[in-house]
Amino acid sequence: MSSLNHLTAVEIRRRVAAREVSAEEVTRAHLDRITQHEPEIGAFLCTLPARALAQARDLDAALARGDAAPRLAGVPVAVKDVLDLEGVATTCGSRILAGYRPPFTATAVRRLEAAGAIILGKTNLDEFAMGSSTENSAYQLTRNPWDPMRVPGGSSGGSAAAVAAGMAPISLGTDTGGSIRQPAAFCGVAGLKPTYGRVSRYGLVAFASSLDQIGPLARTVEDVALVSSILCGWDPRDATSAKLAVPDWMISLGDGVEGLRVGVPWGFLERGVDAGVLTAFREALSALEGAGARLIEVALPHASHAIATYYILATAEASSNLARYDGVRYGPRRGGGGSLDRMYGDTRDHGFGAEVKRRILLGTFVLSAGYYDAYYLRAQKVRSLIRADFDRAFETCDLVATPTTPTPAFRFGEKTSDPLQMYLADIFTVPANLAAIPGISLPCGRAEGLPVGLQLLGRAFAEATLFRAGHAFQQATSHHQATPPGFA
Ligand code: GLN
């Protein structure tokens, strides 16, 4: 194995820019690593070796001519297969998109490529990003590098496993209710859900449009900050993208946490948190305190309703977004027997998996004429209350800290028969999507030998505070340096 697989994006870029190593060598090292470990991990739905090597060689040639090195020069990136890359299949982990090749590239991916990043391939996920374990993919299982009998989390399970296994220093995920932060926690890597509106969703296949955000996974907060500085920014192609300047977050990264007030919502954490997770969380809080932060208690009185609220709003939006997969505009057409309705029915019955169908049914129900007020409208009101909880908390603190998940990675099959148990894996991550605020998950210790995540939530557009605190935490601890057994 090449030592290049353990370099951070910052270090790869430095060495490529200094021409100590070529982008081609870096790319090859990661492609080799994928070949070596894919049979046991299953992180990728497709790899793009020829495309990646051609990109790397072009970059090397440009640097040889004396061009300035862009900010992600030679940094390999794995992309969740819900983001479009022109001419390359996008499956969303679903049979219904089999054979679909988008004629355009997602803005997020385009920005990374424009900064010199090398796209290695597309990663596995729960079908249409619906799930918490990647077990809902129509194509394959992804295994947690820390324990092959356990899930990597989801829905961005392939992206998290790829970084944990040293296959890519950076990956892109999407987070509608926790799908970046939860798999990052399960796989022992860092993952950011930016503020809603920070990253353009153009070229992202929609799940729940008012909640979806794209964000990076990496080993260090420094890498997360670097990639975010490039990923974020206004895009005329996404009307919900924020017309706000994006700071260079690398500059404020080292500002430390002296005097920063970290709010802990103990009332929300009372029930159902695994003892080992709680121990690691308390130790993480002590480390932040040791670095100069001040701990206070805050209340999030409506957060306990977040899961119920999320599963009304997210399914309502999904039922509308997924109506387009009808065998006409997208999807391998099935059956029909001469009737248009039956063709829609057969195509969707065959193309969608059980979880996606469950959500389309639920979402259609909560939007139906007789039930709209009782469910959808009420959930919108609770969403406002959850947002107001955070507004109030942020009057007294600068960050809110929780464990990212109530338990470490669970075993395959452990929650598949009970969707509600699966949904509860996101109890601590979902509130941030409902409130549209940013959140980061960082490895903060182990429980039963498995990684545990610390989640930090900030005010809308205050990513800088998350990065400062996260970086200070990583300076004070070494959890982010741990590699899964067998992946050193
Ligand atoms: N696990 C949650 C769900 O199944 C969140 C998914 C996500 O963030 N994409 O909806």
Side-chain angles (χ1 to χ4, degrees), residues 79-83 92-94 108 123-137 142 151-160 171-187 191-194 196 199 201 204-217 306-319 321-322 352-363 366 379 383 404-407 409-410 414-416 418-441 453 455 457:
V79 175
K80 186 179 184 180
D81 196 20
V82 74
L83 287 157
C92 296
S94 181
T123 57
N124 196 25
L125 69 157
D126 286 300
E127 184 174 7
F128 285 102
M130 297 177 186
S132 305
S133 66
T134 311
E135 290 167 292
N136 294 335
S137 167
T142 297
V151 303
S155 61
S156 312
S159 289
S171 62
L172 288 185
T174 60
D175 192 312
T176 304
S179 280
I180 291 173
R181 291 161 286 158
Q182 186 259 21
F186 279 12
C187 291
L192 172 78
K193 181 201 91 71
Y196 185 79
V199 182
R201 292 181 293 111
L204 163 65
V205 178
F207 162 11
S209 311
S210 80
L211 302 158
D212 298 340
Q213 267 297 283
I214 300 161
L217 296 95
I307 291 286
T309 306
Y310 170 84
Y311 277 95
I312 291 171
L313 299 179
T315 57
E317 294 185 31
S319 72
N321 276 325
L322 271 59
F352 289 135
E355 183 62 26
V356 172
K357 286 178 188 163
R358 178 161 33 242
R359 295 192 187 204
I360 292 172
L361 288 171
L362 186 58
V366 300
R383 182 177 189 175
T404 308
T405 58
T407 68
F410 43 88
E414 204 177 311
K415 297 186 197 276
T416 39
D418 185 351
L420 284 181
Q421 279 307 311
M422 186 73 89
Y423 297 173
L424 286 170
D426 297 316
I427 176 97
F428 299 138
T429 50
V430 156
N433 301 75
L434 292 170
I437 58 175
I440 195 168
S441 178
Q455 176 178 242
L457 304 174

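Ligands are counted one by one from 1 in listed order, and the atoms in each one are counted from 1 as well.
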Evaluate [X] for polar contact with ligand 1, using N/O atom pairs at a separation under 3.5 Å.
X	result
Gly154	no
Gly177	yes
Phe207	no

I need the nearest protein heavy-atom contact for [atom]: residue, atom name and distance, please.
atom	result
atom 3 (C) of ligand 1	Tyr311 OH, 3.2 Å
atom 6 (C) of ligand 1	Ser179 OG, 2.8 Å
atom 2 (C) of ligand 1	Asp426 OD2, 3.0 Å
atom 5 (C) of ligand 1	Tyr310 OH, 3.2 Å

Assess the side chains of Asn433 and Asp175: does a donor N or O sit below 3.5 Å from an acceptor N or O?
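On atom types as modelled, these side chains qualify, holding a pair under 3.5 Å.
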When you check the side-chain N and O atoms of Ser155 and Lys80, is any donor under 3.5 Å from an acceptor?
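Note: Ser155 and Lys80 side chains meet the donor-acceptor criterion.
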Given Thr142, which of Asn124, Asp126, Thr123 fulfils the side-chain contact (heavy atoms from CB on, under 4.5 Å) condition?
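Answer after filtering Asn124, Asp126, Thr123: Asn124.
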In this structure, does ligand 1 have an atom that sits under 4.0 Å from one of the heavy atoms of Ala314?
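Ala314: no contact with ligand 1 (<4.0 Å).
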Any Met422 heavy atom less than 4.0 Å from ligand 1:
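The answer is no: ligand 1 sits nowhere under 4.0 Å from a heavy atom of Met422.
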Yes or no on side-chain contact (heavy atoms from CB on, under 4.5 Å) for Phe128 and Phe352, after CA distance, side-chain angles and deciding distance?
CA-CA 9 Å; Phe128 285 102; Phe352 289 135; 3.8 Å; yes
